[in-house]
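In what follows, a structure is listed as structure tokens, so that the remarks can point back to it.
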Amino acid sequence: MSNAALMIGTISEIPAGNVHEAANSWLGIASYLIAAALFILSLKWLSHPRTARRGVRAGEIGMAVAIVGTLLIYQAVSYLWILVGVVVGSLIGAPMAVWMPMTAVPQRTALSHAFGALAAALVGTAHYFQLFGKESGIDHFTMAILALEVLLGCLTFTGSLVAFGKLQDLIPSSIKGLPHQNAINIGLLASAAGISVILTVSPGHAWLFLVLIVLGLAFGLCLVMPIGGADMPTVISLLNSYAGLSASLMGFVLNNYLLIIAGALDGSSGLILSIIMCRAMNRSFTNVLFGRMDASQTASADDVYGGKVKSASAEDVAMILDGVRRVVVVPGYGMAVSQAQHAVRDLFNMLEERGTEVEFAIHPVAGRMPGHMNVLLAEADIPYDKLKEMEEINPSFGQTDVAIVIGANDVVNPLANTDPKSPIAGMPILNVGEARTVVVVKRSLSPGFAGIPNPLFAAENTLMLFEDGKKAIVDVVAAMKEAA
Amino acid sequence: MSNAALMIGTISEIPAGNVHEAANSWLGIASYLIAAALFILSLKWLSHPRTARRGVRAGEIGMAVAIVGTLLIYQAVSYLWILVGVVVGSLIGAPMAVWMPMTAVPQRTALSHAFGALAAALVGTAHYFQLFGKESGIDHFTMAILALEVLLGCLTFTGSLVAFGKLQDLIPSSIKGLPHQNAINIGLLASAAGISVILTVSPGHAWLFLVLIVLGLAFGLCLVMPIGGADMPTVISLLNSYAGLSASLMGFVLNNYLLIIAGALDGSSGLILSIIMCRAMNRSFTNVLFGRMDASQTASADDVYGGKVKSASAEDVAMILDGVRRVVVVPGYGMAVSQAQHAVRDLFNMLEERGTEVEFAIHPVAGRMPGHMNVLLAEADIPYDKLKEMEEINPSFGQTDVAIVIGANDVVNPLANTDPKSPIAGMPILNVGEARTVVVVKRSLSPGFAGIPNPLFAAENTLMLFEDGKKAIVDVVAAMKEAA
Amino acid sequence: MDLGPKLFVFLLSTFLGLEVIRRVSPLLHTPLMSLTNAISAISIVAAIQVMAEGNTTFNTVLCTLGVVAATINIVGGFWITDRMLKMFRRETNNRE
Amino acid sequence: MDLGPKLFVFLLSTFLGLEVIRRVSPLLHTPLMSLTNAISAISIVAAIQVMAEGNTTFNTVLCTLGVVAATINIVGGFWITDRMLKMFRRETNNRE
Ligand SMILES: NC(=O)c1ccc[n+]([C@@H]2O[C@H](COP(=O)([O-])OP(=O)(O)OC[C@H]3O[C@@H](n4cnc5c(N)ncnc54)[C@H](OP(=O)(O)O)[C@@H]3O)[C@@H](O)[C@H]2O)c1
Ligand SMILES: NC(=O)c1ccc[n+]([C@@H]2O[C@H](COP(=O)([O-])OP(=O)(O)OC[C@H]3O[C@@H](n4cnc5c(N)ncnc54)[C@H](OP(=O)(O)O)[C@@H]3O)[C@@H](O)[C@H]2O)c1
């Protein structure tokens with residue numbers, strides 16, 4: 001090793017030790033310290049829209065410093081193959097970034113978790129076989145961590161693929177897993193745990209390692225397959241957390257502190273987001289992962305809607321919107337499905353021009369991932385200070401003339417407050433019913449994800465505009481233009 | 001070492017290595033991890049009054065875990081002497097905590113920084129002489145850090161003692177240091193740096209180490225002696241930061257990660273508080289440390305006050321307060337000096353009983369340390385939601401009937417906004433002048449710390465109540481009772 | 001293995017991550033997910049490090065695949081985050 | 001010396017400290033000063049550790065003095081912080 005002179009301390013008992021010590025050369029310490037600081041700043045700066053893009057820059061530079069530093073430390077490595085890897089990866093990654101429509105962001109996130117987990121699993125496996133059979137073998141402790149790392153990587157890989165498939169509608173949502181799914185899952189987990197213990201005791205059984213990989217892959221499939229499409233965001237966030245943990249564990253194995261830090265940052269981010277989502281839905285982790293939503297106990301649709309639903313045309317809505325003082329738009333999953341955001345923007349412009357105050361009410365779990373609605377509306381050039389969080393806007397519905405609900409359902413369902421037996425009981429909702437008039441744009445009376453009817457649609461002051469989201473808004477705008 | 005079996009890795013090249021490895025035994029790791037987590041939680045919980053006391057509990061438990069863990073790891077140590085130390089320390093510390101009046105908190109903080117720094121300096125010195133002359137001696141890198149650590153410890157020790165002396169009026173504020181003070185300081189610093197370098201190169205010169213200690217002690221004296229009493233809080237915070245850094249460095253030397261973490265937490269706390277203070281005064285660090293306030297360029301007191309000051313009696317003030325809707329109290333250093341907080345509380349009660357809304361306007365640097373006014377008012381049982389920060393309360397002075405300024409001066413001086421040449425130019429102030437009537441309680445027209453006259457006292461709507469703060473308020477309350 | 005320092009680093013990073021990410025405005029939760037996703041592609045460093053451990057074909061192939069997968073996330077993750085953030089504006093009149 | 005891990009720990013703790021302490025309400029800046037003061041008395045651990053290095057009289061005396069000084073801060077610091085915090089109340093009517 002040409003870098004031996006740079007080293008300042010010995011820390012590894014692993015046979016391939018020399019390689020790992022290099023990360024603790026001056027060069028390694030300096031570049032990894034800088035990269036770690038930049039990653040932290042990156043997340044810090046992301047906290048506010050004003051500094052967020054600086055945060056992305058910091059992350060990019062941090063990554064570049066880390067990679068260049070690593071290449072300089074490990075000069076023994078085959079630069080050719082790394083170059084090949086980087087080129088191929090860029091050729092795949094760049095188009096995915098450039099042409100991915102904003103409505104597909106949830107799928108993209110799932111897919112890239114799969115790639116991240118794949119990388120972790122591959123590297124862990126390579127490291128095992130690299131050490132396996134070497135003079136002093138693998139010590140028990142390292143083996144235990146390595147087994148956990150590869151297991152997490154594998155299950156995150158297949159789990160994320162399933163999540164991707166469900167969100168992209170490649171896997172029908174109706175697939176709910178095998179019979180006795182929970183028993184199978186427990187069986188898989190127990191076998192994986194057992195094999196990990198055996199490997200820890202005698203790390204030499206390479207074939208057991210391969211079995212572990214297979215079990216991990218199968219467990220990921222079985223875990224995510226039965227979960228409904230609308231719960232995917234929570235699952236994706238949890239998988240994000242696992243992927244981070246797996247990177248961190250790899251850092252333990254490889255004596256690489258930057259991996260530990262970046263992995264832990266990633267892991268806590270996934271954890272926090274899934275906690276936020278669960279809290280916004282008033283559900284527990286276990287309920288998301290193993291519970292199935294059960295709509296049997298709530299009132300039937302006929303009871304709720306029977307004869308009480310009033311429907312309206314685009315022209316009616318245009319008339320109602322004429323000359324009002326304040327309008328609040330409530331977007332939901334349907335706006336994303338129908339790609340209505342640009343039409344909404346036209347509506348926003350037209351209302352603002354006429355002196356109407358327009359704001360957007362963003363429920364924390366509207367759509368299919370946290371912040372989903374914000375990204376879509378920002379894409380359509382809505383200024384972000386018009387996007388209000390639930391707590392902020394809820395008190396103002398009383399002073400609102402018209403609330404326009406576009407493709408949202410569960411997040412405006414008053415049953416959450418009134419029916420303790422409903423599956424969304426206790427979930428905080430947007431109180432659109434307090435507005436003078438409520439206009440709901442959706443294609444039918446079919447329920448949202450929770451599968452329950454929505455008394456809002458039958459309320460005294462509600463008008464239904466049954467239409468695809470985008471078409472409805474385009475029509476309303478056209479009708480307003482005509483009337484003017 | 002009986003703990004050798006517990007160890008999992010070798011990290012030290014220091015001759016007394018075995019001792020230091022013990023900190024990396026399972027027991028050491030576990031107890032230090034728990035202690036570190038508790039210290040972090042402690043500071044986190046302190047951020048809000050509701051959880052703050054839980055934070056103190058966490059800190060105490062963390063400290064206990066750290067100490068017990070350490071005692072168990074280093075069983076070679078003389079438990080007797082440690083017991084003696086703890087008992088003596090408690091006998092000194094407990095009375096200081098129990099009987100210290102709240103108005104003396106700034107002094108107490110300075111004094112305890114001195115103790116903290118003393119501990120760091122003593123331990124560093126002991127460690128040097130312990131290694132000195134041992135087989136392989138001290139390696140250069142350790143020596144460099146150790147020299148810096150002891151230097152910081154010594155200068156913080158004497159610096160904090162001087163700060164204590166000035167705040168407690170043991171050292172007259174008029175002492176402004178020696179002639180050519182800055183040259184002397186630079187000389188001291190340069191010699192200390194030179195000696196540190198020599199020691200790093202050849203750590204064996206024990207007498208040089210003693211010289212370094214003396215230089216550090218002298219430098220601390222020279223650095224703090226010329227600084228005015230009102231700048232002491234900033235200096236104390238900076239010294240706090242140094243003390244933390246010194247503990248962190250000791251952790252580097254002793255391979256003790258808990259020391260590194262706790263020291264860094266302490267260091268960043270001191271740094272942030274001094275930045276907050278400097279920003280609130282619109283001054284720079286250099287200005288605080290080396291600048292002297294110069295009032296020569298501003299208008300003379302005669303120009304400002306000549307014939308325009310209206311004075312009032314306690315009875316007048318009681319009359320003015322009769323039946324008003326909203327009163328804002330602005331406390332300052334004078335309230336602390338005269339211990340007026342309990343009288344203020346009586347005034348608050350009486351006004352509230354009569355249906356007057358009362359709030360307190362807290363300037364970030366009112367008094368003699370950050371948060372000083374809050375502690376005093378809390379001591380007098382004023383609920384903390386009545387204490388408003390500057391940004392929050394400033395817009396509301398326009399809707400205030402009477403503003404009562406008690407012993408504050410610089411923090412309500414409008415020259416900060418109007419006279420760019422004044423020493424407080426640019427410092428954000430409380431806009432009490434916008435209130436319908438301003439009552440200022442102080443003993444004379446003498447200036448505050450910045451040494452400049454205050455046009456507020458000569459304003460159309462200002463009445464001066466020339467009296468000791470406590471007596472003035474007691475009189476006003478008595479007059480109000482009489483009138484009722 | 002030298003576990004102690006690693007556990008300290010893990011503990012501190014987790015606390016720091018929780019602290020920093022709790023402050024991220026809900027407005028930006030989607031970009032946050034893609035940014036952390038990009039940062040977690042730091043496993044490219046692990047791939048390079050393990051590749052340096054030995055040059056069997058097996059090792060090289062696995063690590064190269066690891067580099068490919070990680071690079072996809074680096075390029076894709078940072079890029080799409082920036083694309084999203086570019087769209088967030090306070091005022092309306094910048095485009096059109 | 002094994003500098004790397006220590007620098008990482010130092011970096012992370014400093015970031016964490018800055019992050020956490022920036023959030024402390026100005027209301028509590030005085031208790032904050034006395035609490036960090038108490039926590040910095042962690043140098044008692046250093047005193048014990050160095051005392052274990054050897055039992056010359058010189059070493060024992062210096063380290064015992066170190067324990068004394070640190071203990072003063074531990075006892076005094078936590079206690080007075082708690083005394084201060086006990087005084088902070090939202091509502092008026094608890095005492096009197
Ligand atoms: N955002 C997250 O992070 C997250 C995470 C986990 C779970 N979830 C769950 O996802 C749900 C989100 O609530 P939500 O109110 O946004 O959606 P929702 O309750 O799932 O309802 C969506 C509505 O959109 C309508 N829709 C579908 N396609 C449409 C189109 N092309 N044009 C117009 N309307 C269309 C549907 O009615 P029609 O079929 O009649 O048109 C449906 O009622 C919640 O139950 C939440 O718990 C969200
Ligand atoms: N709080 C901090 O953290 C901090 C830090 C650094 C610097 N400082 C500096 O400290 C100053 C604080 O401003 P401040 O407005 O609170 O105080 P100040 O400007 O120093 O004025 C205090 C006033 O209190 C009066 N006073 C003294 N004893 C009194 C008594 N027994 N009864 C009634 N009044 C009495 C004095 O006037 P008489 O003599 O006429 O009575 C004096 O004008 C600022 O200049 C600030 O920059 C504060």
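Everything numeric in this text was worked out from a predicted model, so none of it was measured. So you know, we letter chains A, B, ... as the sequences are listed, proteins then strands, and number each from 1.
Looking at every heavy atom in both residues, L46(B) comes nearest to L32(D) through CD2-CA, 3.4 Å. Between I80(D) and R108(B), the shortest heavy-atom contact is CD1-CD, 3.3 Å. Considering all non-hydrogen atoms of both residues, A119(B) and A69(D) come closest at CB-CB, 4.0 Å.
If you measure heavy-atom distances from T64(D) to chain B, the contacts under 4.5 Å come from both the backbone and the side chain. Within the 4.5 angstrom heavy-atom criterion, no atom of L377(B) approaches chain D. Proximity to chain D is absent for every atom of R50(B), based on heavy atoms less than 4.5 angstrom apart. I272(B) touches chain D through its side chain: at least one heavy atom from C-beta onward sits under 4.5 Å away, while N, CA, C and O do not. For S25(D), the parts lying near chain B are the backbone and the side chain together; criterion is any non-hydrogen pair under 4.5 Å. Looking at E60(B), the atoms closer than 4.5 Å to chain D (heavy atoms on both sides) sit in the backbone and in the side chain alike. In this structure, chain B has heavy atoms under 4.5 Å from both the backbone and the side chain of F10(D). Both the backbone and the side chain of V98(B) come within less than 4.5 Å of a heavy atom of chain D. Contact annotation for L7(D): both backbone and side-chain heavy atoms come within less than 4.5 Å of a heavy atom of chain B. With a 4.5 Å cut-off on non-hydrogen atoms, W45(B) does not touch chain D at all. Heavy atoms closer than 4.5 Å to chain D are found in both the backbone and the side chain of S237(B). Using a 4.5 Å cut-off between heavy atoms, L245(B) touches chain D through its side chain atoms alone. Using a 4.5 Å cut-off between heavy atoms, L43(B) touches chain D through backbone and side chain atoms alike. Heavy atoms of V56(B) lying under 4.5 Å from chain D belong to its backbone as well as its side chain. Heavy-atom distances place both the backbone and the side chain of M100(B) under 4.5 Å from chain D. Both the backbone and the side chain of P370(B) come within contact range of chain D, judged by heavy atoms closer than 4.5 Å. The part of I74(D) that comes within reach of chain B is its side chain, from C-beta onward, which places non-hydrogen atoms under 4.5 angstrom from that chain. Heavy atoms closer than 4.5 Å to chain D are found nowhere in A243(B), neither backbone nor side chain.
For the atom pair F8(D) CZ and I260(B) CD1, the distance stands at 13.0 Å (nearest 0.5 Å). Between the CZ atom in F88(D) and the CG atom in D381(B) there is a gap of 11.5 Å [rounded to 0.5 Å]. Annotation: the span from Q49(D) atom CD to L254(B) atom CG amounts to 4.5 Å, rounded to 0.5 Å. To the nearest 0.5 Å, atom CE of residue M51(D) and atom CD1 of residue I82(B) are 5.0 Å apart. Of the inter-residue distances, the one linking H29(D) atom NE2 with S269(B) atom OG reads 8.5 Å to the nearest 0.5 angstrom. For the atom pair L28(D) CG and Y384(B) OH, the distance stands at 8.5 Å (nearest 0.5 Å).
Of the listed residues (C63(D), P26(D), S34(D), G17(D)), the one with the most heavy-atom contacts under 4.5 Å to chain B is P26(D). Ranked by heavy-atom pairs shorter than 4.5 Å toward chain B, the options R23(D), M33(D), R83(D) are led by R83(D). Heavy-atom pairs under 4.5 Å with chain B peak, among T81(D), L65(D), T60(D), L62(D), at L62(D). Looking only at heavy-atom pairs under 4.5 Å with chain B, the residue among N59(D), T14(D), L27(D) that has the most is L27(D). Listed options V20(D), T56(D), L11(D) were ranked by heavy-atom pairs under 4.5 angstrom with chain B; first place goes to V20(D). Contacts with chain B were tallied for V67(D), T36(D), V61(D), V75(D); T36(D) has the most, counting heavy-atom pairs under 4.5 Å.
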Practice prompt. Decide side-chain contact (heavy atoms from CB on, under 4.5 Å) for M63(B) and F78(D); before the verdict, give the C-alpha distance in whole Å, the side-chain angles of both, and the deciding distance to 0.1 Å.
Written response: CA-CA 10 Å; M63(B) 188 61 78; F78(D) 285 120; 4.0 Å; yes

Practice prompt. Apply side-chain contact (heavy atoms from CB on, under 4.5 Å) to the pair T30(D) and N374(B), showing each step before the final yes or no.
Written response: CA-CA 8 Å; T30(D) 297; N374(B) 299 307; over 6 Å; no

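The side-chain heavy atoms of S42(B) and L35(D), taken from C-beta on, include a pair separated by under 4.5 Å. The shortest distance between side-chain heavy atoms of P49(B) and L85(D) does not fall below 4.5 Å.
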Show which side-chain atoms of residues 37-48 of chain D pair as donor or acceptor with protein atoms under 3.5 Å away, not counting sequence neighbours.
from   : atom 1 : to      : atom 2 : distance (Å)
N37(D) : OD1    : S112(B) : OG     : 2.5
N37(D) : ND2    : H113(B) : ND1    : 2.8
S40(D) : OG     : D266(B) : OD2    : 3.4
S40(D) : OG     : N37(D)  : O      : 2.9

